[in-house]
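In this text the structure is predicted, and so the values were computed from the model without any measurement.
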Amino acid sequence: FICETLKRLKIPSPMAEVTGIGVIILYGMMIGMPPSAFRAIFMFGMGTVAILINRTHDRLTSLALAATCLIFGNPLLMGEAGFLLSFLAVMGIVCLYPTFTPIHSNKMPVLDSLWVSFAVTYFTLPAVMFFYYEVPMYSIILNCLILPFLPWLLGMGLTVIVLGGILPPVAKIVSYGIHLILLFYEKVLFLFEKLPGGNYVTGAPHVWEIILFYLAIGSMIYVVLRKKRKLYLYSLESENDYAAGRQELYIKKQKEIRKRDSLIEELKTKLRRVTEFFEKFKHIKQMYADWKEGRNHTQEQETEFERGEKQ
C-alpha cells in the first residue's frame with residue numbers, strides 16, 4: 001500500500017520500495033517482532049529485493065529462509081502454535097491455493113477469498129487439532145467475510161501510523177474507516193459465536209497421522225500442479241499456433257491490401273490520362289471552333305469589301 005502510494009506520487013520505484021521496507025520494519029519493531037510479523041516482513045523484503053534486482057520472487061524459498069532464521073535464533077519456536085500456524089497458513093496459500101485456481105481465469109475477489117480461506121483452513125487443520133483439540137466449523141465462511149477487508153485495514157492502519165504525527169485531522173478521518181471495519185468484524189464474530197455447532201471437538205491427532213496427512217496432501221498437490229503445467233504448456237502451444245495462424249492471415253491480408261492499393265493507383269493513373277486526353281481534345285476543339293469562326297469572319301469581311309468595290 002505504501003509503495004503503490006509513493007509510486008503514484010511520482011517517486012522513483014527503488015526509493016518507494018526501500019521506504020516501504022523501512023516502514024514495515026519499524027512497524028514490526030513497534031509490535032515486538034513476533035514470529036508471524038518477522039515472517040511477513042522477511043518475505044516482503046525478499047519480494048522487494050527481487051523486484052529491485054529484476055528477479056522472480058520464489059515465496060517458498062523466502063518462507064524457508066524466514067523459518068530458518070527464526071529457528072536458528074530460538075529452536076523452541078518449533079513447538080509453538082503461533083509459529084507453526086503462521087507458516088502453515090502461508091504454505092497453504094503458496095502450495096494448495098494454486099491447485100484450485102484455473103489456468104486462465106479473471107480475478108473474482110469473492111471466489112478467490114473462498115479458495116484462499118479453504119486452502120489456509122485445510123492446510124492448518126492438523127495443527128489446529130493438535131494444539132486446540134477442536135475445529136471451528138464456520139472458519140471458511142468467516143474468512144470469506146474478513147479477508148476482503150484486510151488489505152484496506154492494513155493500509156489504513158499504516159496510514160494512521162505515518163500521518164498521526166504529521167496530519168492528525170487526516171489520520172483521525174482515516175481511523176473512522178478502521179473503526180467501521182473492526183466493528184463489522186466484531187458483529188460478525190458475535191453472530192457466528194451464537195450459531196450452533198460452532199466448534200467440533202476432535203482431540204489431538206497422533207504424529208504419524210499428521211505426517212500421513214501432509215504426505216497425502218503433498219502428493220495431491222504434486223499431481224495436480226504437474227497436470228496443470230502440462231495443460232498450461234499445451235495452451236501456450238495452442239496460443240502460439242493461433243498467433244502464427246493470425247500472423248499468416250495478417251500478412252495475407254496486408255498483401256491483398258497492397259495489391260488493391262496498387263490497382264487503385266493504376267486506375268487513378270489511367271483515369272488521369274483519360275481526363276488529360278479529353279482536356280486536350282476539348283482544347284483542340286475550341287481552337288478549331290475559334291479558327292472556323294475567324295475564317296467565317298474573314299470571308300464576311302472579304303465579301304463586304306468586294307461589294308464595296310462593285311458599288
Side-chain angles (χ1 to χ4, degrees), residues 1-4 6-7 13-101 112 115-128 130-131 143 147 150-151 154-155 157-158 161 207 210-211 213-226 228-229:
F1 177 80
I2 295 175
C3 294
E4 292 298 327
L6 293 175
K7 289 177 183 178
S13 179
M15 187 179 298
E17 300 290 348
V18 172
T19 304
I21 293 176
V23 172
I24 294 296
I25 292 175
L26 291 176
Y27 175 77
M29 294 173 63
M30 183 184 69
I31 62 175
M33 199 64 73
S36 58
F38 178 83
R39 186 263 312 156
I41 294 171
F42 188 88
M43 293 186 67
F44 176 77
M46 290 286 289
T48 304
V49 172
I51 293 174
L52 293 177
I53 62 176
N54 295 323
R55 292 291 186 271
T56 302
H57 177 213
D58 185 68
R59 290 180 290 180
L60 278 178
T61 302
S62 60
L63 184 66
L65 287 175
T68 303
C69 293
L70 287 171
I71 294 172
F72 183 78
N74 184 8
L76 297 178
L77 288 175
M78 296 180 64
E80 290 188 3
F83 173 82
L84 293 176
L85 289 174
S86 175
F87 280 84
L88 287 175
V90 178
M91 287 185 66
I93 296 173
V94 175
C95 300
L96 188 58
Y97 169 67
T99 61
F100 302 135
T101 56
D112 286 344
W115 288 129
V116 170
S117 175
F118 181 79
V120 171
T121 302
Y122 195 71
F123 214 84
T124 57
L125 184 61
V128 172
F130 184 82
F131 287 104
N143 287 333
L147 289 177
L150 194 57
L154 294 176
L158 292 174
I161 292 174
V207 176
I210 297 175
I211 296 173
F213 174 85
Y214 283 113
L215 287 176
I217 197 172
S219 301
M220 185 269 292
I221 291 172
Y222 174 76
V223 172
V224 173
L225 291 182
R226 186 176 180 183
K228 290 182 69 174
R229 183 175 180 273

Got a donor-acceptor contact below 3.5 angstrom from the T48 side chain to the F44 backbone?
yes
Is there a donor-acceptor contact under 3.5 Å from the side chain of S62 to the main chain of R59?
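Yes, the answer is positive, given that a donor and an acceptor are paired below the 3.5 Å cut-off.
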By side chain to side chain contact (heavy atoms under 4.5 Å, CB included), which residues pair with Y222, not counting sequence neighbours?
R226
Spatial distance of atom [atom1] ([X]) from atom [atom2] ([Y]) [nearest 0.5 Å]:
X    : Y    : atom1 : atom2 : value
I211 : L215 : CD1   : CG    : 7.5 Å
I221 : M91  : CD1   : CE    : 8.0 Å
I71  : M78  : CD1   : CE    : 4.5 Å
L65  : L70  : CG    : CG    : 11.0 Å
C69  : N74  : SG    : CG    : 13.0 Å

Applying side chain to side chain contact (heavy atoms under 4.5 Å, CB included) to M220 and L96, what does each step give before you reach the verdict?
CA-CA 9 Å; M220 185 269 292; L96 188 58; 3.7 Å; yes
Least distance between heavy atoms, F83 atom then L77 atom:
CD2-O, 3.3 Å
Is any side-chain heavy atom of F130 less than 4.5 Å from a side-chain heavy atom of L84?
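A side-chain contact under 4.5 Å is absent here.
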Give a yes or no on this: more than 12 heavy atoms of other residues, nucleotides or ligands lie within 6.0 Å of atom CE of M33.
yes
For this output row, return yes or no: ring centroids of Y122 and F213 closer than 6.0 angstrom.
yes
Output field: ring centroids F123/Y214 closer than 6.0 Å:
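Between F123 and Y214, the centre distance is under 6.0 Å.
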